[in-house]
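Single-structure report; data block below.
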Amino acid sequence: VSPPGTAEELRRRLGAEVVLPDVPARYLSDATESRALRGTADAVALPRSTAEVADVLRACCDLGVPVVPRGGGTGFSGGCVPDGGVVLGLERMSRVVSFEPLLWRMRVDAGVTTSTVRRLARESGLLFPPDPGAGEQSQLGGNVATNAGGPHAFKYGVTRAWVTGLEVVVPPGETIRLGGDTRKDVAGLDLLGLLVGSEGTLGVVTSVWLRLVPAPEAALPVIALYPDAEAGCAAVERLLGYGLAVSALEFLDAATMELAGGGLPVDAPAGPAFALIAEADGTEAAAAALRDEVEDCCREDALLVHSPRSAADVAALWRWREGVSLAVEAVRGGKVSEDVDVPVERLGELLAAMEAIGSRHDLRTCNWGHAGDGNVHATFLVDPGDPAELERAEHAAGDLFAAALELGGTISGEHGIGLVKLPHRERQFSPAERALQERVKRAFDPGWLLNPGKKLA
Ligand SMILES: Cc1cc2nc3c(=O)[nH]c(=O)nc-3n(C[C@H](O)[C@H](O)[C@H](O)COP(=O)(O)OP(=O)(O)OC[C@H]3O[C@@H](n4cnc5c(N)ncnc54)[C@H](O)[C@@H]3O)c2cc1C
């Protein structure tokens, strides 16, 4: 709990340019608003430079006030939802500090959006592969703090694989630099690796050094529809077994297709179907050859195998895929959507478990996600205005986490623990593992003021 008069004191110390006169509602929630999560804050600080971020942290540490770093607010775990204290928004730090296309690298302020980085890279023939689905709003700092993935993480890896350096402000207001333009650095303990995915609990990321790759000449998706999850999951394993190195391997189960399939830009047979999207990339010739092999491999048991040919049709397919989350949410006005991850060959078992969990808790379910990574957006549809249903969904999510762990998986493959999965952390980590994580936290943040109540408690 912050001391009384915190906002006034911070405004006095940091100036009215940095600390807003009030607390606008948009700083109190993230994408978990669809499950009725909303916080409170004493103040919102929007620094314009690393020095000002350090000033905010210094003042908060001095006053004993919690600090909640905030990027684009697209997180799905309540990671930037405050429970009192100061929201520290990075949105004003949105400079592309340097871009050297011939050296395949870029350095950006933490507040630059994901789609800005991807667009700039593309315009110079390069690729920044991480593609979490809300790139117009999400920021690089948020991507780093959640170690974000996306469809193309299957081939290219998650954000960590693309970060070579970080500038970070740590309590009580010290600025440190980890790595930089070098592509390799094993000199110290891997603090950079610890910071990536730390969900704002170890430091405030202010600047990010990124590596890029030359963009593939062509990226050619194939969509295949199957009568059921069993046939679809078998196709996933076949693609892997045949050694077809696709760049993305996505799935949407029949329930998702029923809810969101209306806008699918493909002539599909009527009736529920389990969908796979696999993308082949490379030079024009290599991508086309791989696409043909993927088509052949997908044909067994398929109701349809289709490859959009024009650039516009390819773009329409991915645009539709990006809209699935919102289309599903619109059905009942809300959803409790998790991001468990299991070894890829257990995907079918997880989907079966979800069906049983949904029936047990009297909730409608649907699942989609990154099949190649075994990463499932396991979703319970809810009315956010119905507290009893929300409570059932929370219990159902607990059963889902238990099922994922039973299958050798994790309770979070993408979105992090944040606030919403904190009660389930004990399911995954032993007391010794939790204690070790907490000692690391204390080493960075002895006062436990950075994003308290998230990730580690
Ligand atoms: C439609 C939709 C689709 C999505 N698809 C994907 C997907 O495919 N893959 C995926 O991984 N995620 C996905 N997400 C989740 C989300 O977009 C990612 O987690 C993203 O990386 C969050 O970035 P953000 O800037 O919005 O962070 P926020 O939501 O603002 O914050 C997330 C966490 O990061 C911390 N944080 C933010 N900025 C900083 C900083 N500068 N320094 C320290 N800590 C910071 C916050 O405290 C919080 O704990 C999706 C979200 C939506 C709404």
Side-chain angles (χ1 to χ4, degrees), residues 26-34 37 39 47 50 53 57 66-82 85-94 108-115 129-154 158-160 166-170 195-208 248 250 318 321-329 335 337 339 341 368-370 373 375 377 412-422 444-445 450-456:
R26 65 179 181 281
Y27 292 101
L28 300 177
S29 61
D30 67 3
T32 51
E33 200 160 23
S34 64
L37 201 68
T50 301
V53 171
L57 215 56
V67 178
V68 183
R70 181 183 179 89
T74 68
F76 267 129
S77 68
C80 68
V81 176
V86 175
V87 173
L88 192 167
L90 277 297
E91 67 207 46
R92 286 180 178 166
M93 292 184 58
S94 56
V108 296
D109 281 349
V112 169
T113 64
T114 318
S115 60
D131 54 348
E136 293 292 335
Q137 292 91 44
S138 67
Q139 301 176 1
L140 255 296
N143 297 159
V144 167
T146 56
N147 198 6
H152 291 84
F154 178 59
V158 292
T159 299
R160 172 69 186 91
L166 289 178
E167 181 187 78
V168 187
V169 181
V170 293
L195 258 299
V196 179
S198 63
E199 299 181 43
T201 61
L202 301 183
V204 182
V205 176
T206 48
S207 191
V208 188
E250 299 282 291
W318 280 118
R321 165 63 189 86
E322 269 173 27
V324 163
S325 177
L326 286 178
V328 166
E329 187 175 315
K335 62 178 168 48
S337 193
D339 61 317
D341 197 295
W368 72 94
H370 315 301
D373 286 327
N375 192 189
H377 295 312
S412 179
E414 272 196 336
H415 302 154
I417 299 297
L419 186 61
V420 299
K421 292 198 204 80
L422 198 59
F444 278 85
D445 178 20
L450 265 179
N451 219 359
K454 315 287 170 57
K455 198 165 180 88
L456 302 122

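In this text the structure is predicted, and so the values were computed from the model without any measurement. Order of appearance sets the numbers: ligands from 1, and atoms from 1 within every ligand. If you read the sequence from its start, that first residue is 1, and numbering goes on from there.
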What do you reckon, does [X] have a nitrogen or oxygen under 3.5 Å from a nitrogen or oxygen of ligand 1?
X    : value
G72  : yes
G73  : yes
T146 : yes
S138 : no
G71  : yes
P69  : yes
N143 : yes
N451 : yes
E199 : yes
V205 : yes

Hey, are [Y] and [X] close enough side-chain-wise for a donor-acceptor pair under 3.5 Å?
X    : Y    : result
D109 : S94  : no
T114 : S138 : yes
K335 : S325 : yes

Note, [X] side chain near [Y] side chain (heavy atom, < 4.5 Å):
X    : Y    : value
V68  : K454 : yes
V196 : V158 : no
W318 : P151 : yes

How far is [atom] from its nearest protein heavy atom, and which residue and atom name does that atom have?
atom                    : answer
atom 27 (O) of ligand 1 : G142 CA, 3.6 Å
atom 29 (O) of ligand 1 : G75 N, 2.8 Å
atom 13 (C) of ligand 1 : P132 CB, 3.8 Å
atom 11 (O) of ligand 1 : G149 N, 2.9 Å
atom 31 (O) of ligand 1 : C80 CB, 3.9 Å
atom 22 (C) of ligand 1 : T74 OG1, 3.4 Å
atom 2 (C) of ligand 1  : F76 CE1, 3.8 Å
atom 6 (C) of ligand 1  : G133 N, 3.3 Å

At less than 4.0 angstrom from any non-hydrogen atom of [X], what atoms of ligand 1 do you find?
X    : result
G79  : 47 (O), 48 (C), 49 (O)
L90  : 41 (N)
A145 : 34 (O), 35 (C), 36 (N), 44 (N), 45 (C)
G203 : 43 (C)
G200 : 43 (C), 44 (N)
A148 : 11 (O), 21 (O)
E414 : 7 (C), 8 (O), 9 (N), 10 (C), 11 (O)
V204 : 42 (N), 43 (C)

Check if [X] has a non-hydrogen atom at a distance under 4.0 Å from any atom of ligand 1.
X    : result
H415 : yes
K455 : no
V68  : no

Where do [X] and [Y] come nearest, in terms of heavy atoms and distance?
X    : Y    : value
S77  : E199 : OG-OE1, 4.2 Å
T201 : S198 : OG1-O, 2.6 Å
C80  : D30  : SG-CB, 3.8 Å

Atom pair [atom1] ([X]) and [atom2] ([Y]), whose distance is rounded to the nearest 0.5 Å:
X    : Y    : atom1 : atom2 : answer
I417 : T146 : CD1   : OG1   : 12.5 Å
L90  : Q139 : CG    : CD    : 6.0 Å
D445 : L450 : CG    : CG    : 4.5 Å
D131 : H152 : CG    : NE2   : 5.5 Å
L28  : L37  : CG    : CG    : 11.0 Å

Sidechain-backbone polar pair: K455 side chain, G197 backbone, donor-acceptor under 3.5 Å: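 Yes.
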
Backbone of H370 reached by a side-chain donor or acceptor of N375 within 3.5 Å: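 No.
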
Mutual orientation of the aromatic rings belonging to H415 and H377 [parallel < 30°, tilted 30-60°, perpendicular > 60°]: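 Correct class here is parallel.
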
